[in-house]
A.B. asks: 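Below is a structure I'd like to ask you about.
Labels below follow one simple rule: chain letters A, B, ... track the order of the sequence lines, proteins then strands, and each chain is numbered from 1.
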There are 2 protein chains.
Amino acid sequence: MRRGGHRVGRGRTRLRSSSVHDELSQRIGEGRLPAGTRLPSEPDLAAELGVSRATLREALRALETEGLLRRMQGSGTFVADHVRVRNSLDLNFGVTDAIRAAGMNAGTEGGRHWIEPTPTGEAERLGLDPGQDVAVIERVRTADAKPVVLSRDILPYELVRPHPELLDEMLQRSIYEILERDLGIVIHHGIANFRPVHADGAVAGHLGIARGELILYLSQVDYAEDGAPVLSSHEYHLADAFDYSVVRRGPGRRLT
Amino acid sequence: MRRGGHRVGRGRTRLRSSSVHDELSQRIGEGRLPAGTRLPSEPDLAAELGVSRATLREALRALETEGLLRRMQGSGTFVADHVRVRNSLDLNFGVTDAIRAAGMNAGTEGGRHWIEPTPTGEAERLGLDPGQDVAVIERVRTADAKPVVLSRDILPYELVRPHPELLDEMLQRSIYEILERDLGIVIHHGIANFRPVHADGAVAGHLGIARGELILYLSQVDYAEDGAPVLSSHEYHLADAFDYSVVRRGPGRRLT
DNA sequence: ACGCCACGAGTTGTCTGACAAATACTGCCT
DNA sequence: AGGCAGTATTTGTCAGACAACTCGTGGCGT
């Protein structure tokens with residue numbers, strides 16, 4: 001089912017429209033262009049940024065699709081009332097970020113890792129043959145030294161075989177960060193699935209709570225840029241640990 | 001805090017680039033352009049669709065930002081391995097859709113509605129003064145005649161004052177649909193917040209379950225195109241009723 | 001036979017200039 | 001003061017050209 005995908009030249013030259021996009025995105029993000037502001041006219045803005053109007057419009061179109069801008073023919077281009085949500089599930093990544101976003105101190109406790117043959121189920125999630133080995137990283141994440149999340153991260157062992165020492169590092173640091181910095185694998189997106197459950201004995205033990213406590217179980221598969229599955233995660237969150245939100249796009253209507 | 005926003009002329013003419021966007025989006029969605037397919041060159045495709053290359057590129061840029069396409073200079077434009085997730089929280093809207101997506105029969109049971117002064121909390125969520133009235137619509141949603149969700153939807157009464165009969169309709173049909181068709185209010189996006197809880201007496205009674213059962217509590221505020229809050233919802237979902245997923249965008253990297 | 005390189009065809013990216021369509025503004029008229 | 005027509009401004013679309021990049025092909029040397 002899964003083909004290789006097209007070879008994507010990693011570091012090719014930056015497109016002008018992409019630079020313009022980032023520049024404007026940054027101005028909006030930093031508050032230099034507050035919501036409601038009207039941008040200069042396209043010819044003026046293009047001149048200021050040193051690109052043609054066509055290139056500028058490429059960037060504007062992307063920003064509009066992302067919901068940062070709103071364009072109205074005959075009237076102008078305005079900065080939208082964009083949505084800022086703490087710890088938004090569809091943007092933020094990683095338990096560490098979530099803990100820090102809540103203003104608490106992120107740590108780990110009792111982490112360990114091992115190699116095992118791919119369990120059934122994981123083979124399908126990661127697109128592996130049942131024979132292959134996977135590396136499992138199990139950690140208890142703490143916020144201000146209190147256990148809040150039990151996580152098991154599973155990735156194909158072949159990815160880390162050349163650098164087994166990375167598994168030790170993964171106990172303490174962000175797996176996403178290590179994948180990118182040391183292995184050159186950039187996670188492009190993930191699909192998370194969640195449901196409420198009761199803590200069973202094992203989970204309760206790790207998190208130091210009573211059996212039957214409320215848990216949000218979150219299972220996720222992360223994919224690389226070319227669509228290949230890279231990382232499978234299972235996380236058990238204390239129900240009252242975080243505030244989970246999602247920005248849901250309107251029912252059907254086109255964005256523009 | 002909340003200003004009116006810019007008056008947005010409701011039914012203005014459809015932009016060509018927007019039509020082209022929809023057309024291509026539909027071809028991809030229907031599978032006529034499977035993942036991996038290479039699109040015709042821009043000049044050819046523009047000719048086929050009867051628009052200029054510039055207009056076509058507007059549409060392509062949007063589709064790329066949405067993740068449906070991938071463009072590579074010198075190589076071509078390809079249909080991305082796009083993600084299709086059943087009942088994805090960040091796309092789908094409404095309990096009815098979710099039930100139908102699961103292949104079950106959606107219905108309602110024991111719905112009622114009333115008018116009351118804005119409760120504290122709701123006033124802030126909806127940007128109302130404490131004196132104003134709100135309409136509350138309470139429904140139990142069923143899947144194949146089995147209760148699965150208890151929902152309370154709250155909207156400013158002034159919105160429906162001209163057409164009070166709409167409240168009765170809302171008990172049976174989609175509130176989003178009625179807002180749009182009869183009141184001309186298009187929901188642009190919503191922000192949902194959720195956490196696992198135990199069913200209390202009231203919720204258990206409505207859903208016909210025991211107290212203490214697992215519930216996913218989902219509270220959401222929906223906003224119109226101009227950013228004004230329109231609808232506040234509180235939903236109590238049976239834990240095993242649905243499969244909730246979210247597509248999470250990769251850590252930080254720019255899309256293009 | 002094999003590998004390397006230059007070349008060219010094909011494709012997306014950017015530029016320029018112009019006109020169409022929609023909106024906002026101005027000032028006159030009543 | 002209020003309505004209305006005309007005008008300026010702004011985004012949307014069109015057309016054509018060239019630049020930058022990718023990929024396959026065929027020649028060349030070894």
Side-chain angles (χ1 to χ4, degrees), chain A residues 4-24 33 36-65 68-80 225-226 254-256, chain B residues 4-24 33 36-65 68-80 225-226 254-256:
Chain A
H6 341 288
R7 281 295 135 264
V8 51
R10 176 155 301 282
R12 62 181 169 301
T13 61
R14 198 122 174 64
L15 297 181
R16 275 148 127 48
S17 61
S18 185
S19 304
V20 171
H21 172 279
D22 289 357
E23 168 66 22
L24 293 177
L33 291 174
T37 307
R38 177 175 153 173
L39 269 60
S41 74
E42 293 183 355
D44 291 355
L45 190 53
E48 177 196 328
L49 296 169
V51 297
S52 74
R53 200 183 146 211
T55 301
L56 171 63
R57 280 181 63 82
E58 281 275 311
L60 292 180
R61 171 57 130 176
L63 290 165
E64 183 184 25
T65 305
L68 291 178
L69 292 182
R70 186 159 298 211
R71 293 193 286 178
M72 296 175 64
Q73 181 176 173
S75 175
T77 303
F78 302 84
V79 179
E225 285 177 310
D226 61 0
R254 276 273 55 77
L255 296 175
T256 140
Chain B
H6 343 289
R7 280 295 137 263
V8 51
R10 173 148 309 283
R12 63 182 169 298
T13 61
R14 199 123 174 64
L15 298 181
R16 280 157 119 71
S17 62
S18 186
S19 303
V20 170
H21 172 280
D22 289 358
E23 168 65 22
L24 293 176
L33 291 174
T37 308
R38 178 176 152 171
L39 268 59
S41 74
E42 293 183 355
D44 291 356
L45 191 52
E48 178 196 328
L49 296 170
V51 297
S52 73
R53 203 184 145 210
T55 301
L56 171 63
R57 281 181 64 81
E58 282 274 310
L60 292 180
R61 171 54 127 177
L63 290 165
E64 184 184 25
T65 305
L68 291 178
L69 293 181
R70 187 160 297 209
R71 292 193 286 180
M72 296 176 61
Q73 180 175 174
S75 175
T77 304
F78 303 85
V79 179
E225 288 177 308
D226 61 1
R254 274 269 58 75
L255 294 176
T256 140

A.B. asks: OP1 or OP2 of D:dC21 versus the side-chain N and O atoms of B:S75: is any pair under 4.0 Å?
C.D. replies: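 So the side chain of B:S75 is outside the cut-off, no N or O lying under 4.0 Å from OP1 or OP2 of D:dC21.
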
A.B. asks: Side chain of A:Q73 only, please: which of C:dG13, C:dA22, C:dT14 is the nearest?
C.D. replies: C:dA22

A.B. asks: Does A:R61 pair with A:E64 as a salt bridge, N-O distance under 4.0 Å?
C.D. replies: yes

A.B. asks: Quick one: is C:dT11 close enough that its OP1 or OP2 comes under 4.0 Å of any side-chain N or O from B:T77?
C.D. replies: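 For C:dT11, neither OP1 nor OP2 has a side-chain N or O of B:T77 closer than 4.0 Å.
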
A.B. asks: In whole angstrom, what separates B:D44's CG from C:dA9's P?
C.D. replies: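 Taking CG of B:D44 and P of C:dA9, I get 17 Å after rounding.
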
A.B. asks: In whole Å, what is the span from the CZ atom of B:R38 to the P atom of C:dG10?
C.D. replies: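 One finds 11 Å between P of C:dG10 and CZ of B:R38, rounded.
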
A.B. asks: Which of these nucleotides, C:dC15, D:dT11, C:dT11, is closest to any side-chain atom of A:V51?
C.D. replies: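 Nearest nucleotide to the side chain: C:dC15.
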
A.B. asks: Would you indicate which nucleotide in D:dT11, C:dT16, C:dT12 comes nearest to any side-chain atom of B:P43?
C.D. replies: C:dT12

A.B. asks: Using whole Å, what does the distance between atom C1' of nucleotide C:dT11 and atom CD of B:E42 come to?
C.D. replies: 8 Å

A.B. asks: What is the distance from CZ of A:R14 to P of D:dA20, rounded to the nearest Å?
C.D. replies: 18 Å

A.B. asks: If I take atom CZ in residue B:R61 and atom C1' in nucleotide C:dT12, what distance separates them, rounded to the nearest angstrom?
C.D. replies: 12 Å

A.B. asks: Does C:dG13 have its OP1 or OP2 closer than 4.0 Å to a side-chain nitrogen or oxygen of A:S17?
C.D. replies: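 No, outside the criterion.
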
A.B. asks: Choosing from D:dT10, C:dT14, D:dA15, which nucleotide comes nearest the side chain of B:S52?
C.D. replies: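 So the nucleotide nearest the side chain must be D:dA15.
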
A.B. asks: Does a side-chain heavy-atom distance below 4.5 Å link B:Q73 with A:L15?
C.D. replies: yes

A.B. asks: Could you tell me how far apart B:L60 (CG) and C:dG13 (C1') are, to the nearest whole angstrom?
C.D. replies: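 It works out to 13 Å between those atoms.
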
A.B. asks: What distance do B:L69 atom CG and B:L24 atom CG have between them, rounded to the nearest 0.5 Å?
C.D. replies: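 The CG atom of B:L69 sits 7.5 Å away from the CG atom of B:L24.
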
A.B. asks: Among the candidates D:dT13, D:dT11, C:dT12, find the nucleotide nearest to the side-chain atoms of A:R71.
C.D. replies: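 Selected nucleotide (nearest to the side chain): D:dT11.
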
A.B. asks: Enter the distance from A:R16:CZ to A:S52:OG here, rounded to the nearest 0.5 Å.
C.D. replies: 8.0 Å

A.B. asks: Given atom CD of B:E58 and atom P of C:dT14, what is their separation to the nearest angstrom?
C.D. replies: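 Interatomic distance, CD of B:E58 to P of C:dT14: 13 Å.
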
A.B. asks: With a cut-off of less than 4.0 Å, is there a side-chain N or O of B:R57 near OP1 or OP2 of C:dG13?
C.D. replies: yes

A.B. asks: May I ask you to verify if any side-chain N or O of A:R16 is less than 4.0 angstrom from the OP1 or OP2 atom of C:dC15?
C.D. replies: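 Yes, within the criterion.
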
A.B. asks: Closer to the 5' end of DNA chain C via nearest nucleotide, is it A:G74 or A:L56?
C.D. replies: A:L56

A.B. asks: Closer than 4.0 Å, any side-chain N/O of B:R53 to the OP1 or OP2 of D:dT13?
C.D. replies: no

A.B. asks: Rounded to whole Å, please give me the gap between CG in A:L15 and P in D:dC21.
C.D. replies: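 Between P of D:dC21 and CG of A:L15: 9 Å.
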
A.B. asks: What's the spacing between B:R57 CZ and B:S17 OG if we round to 0.5 Å?
C.D. replies: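 Between B:R57 CZ and B:S17 OG, I get 13.5 Å after rounding to 0.5 Å.
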
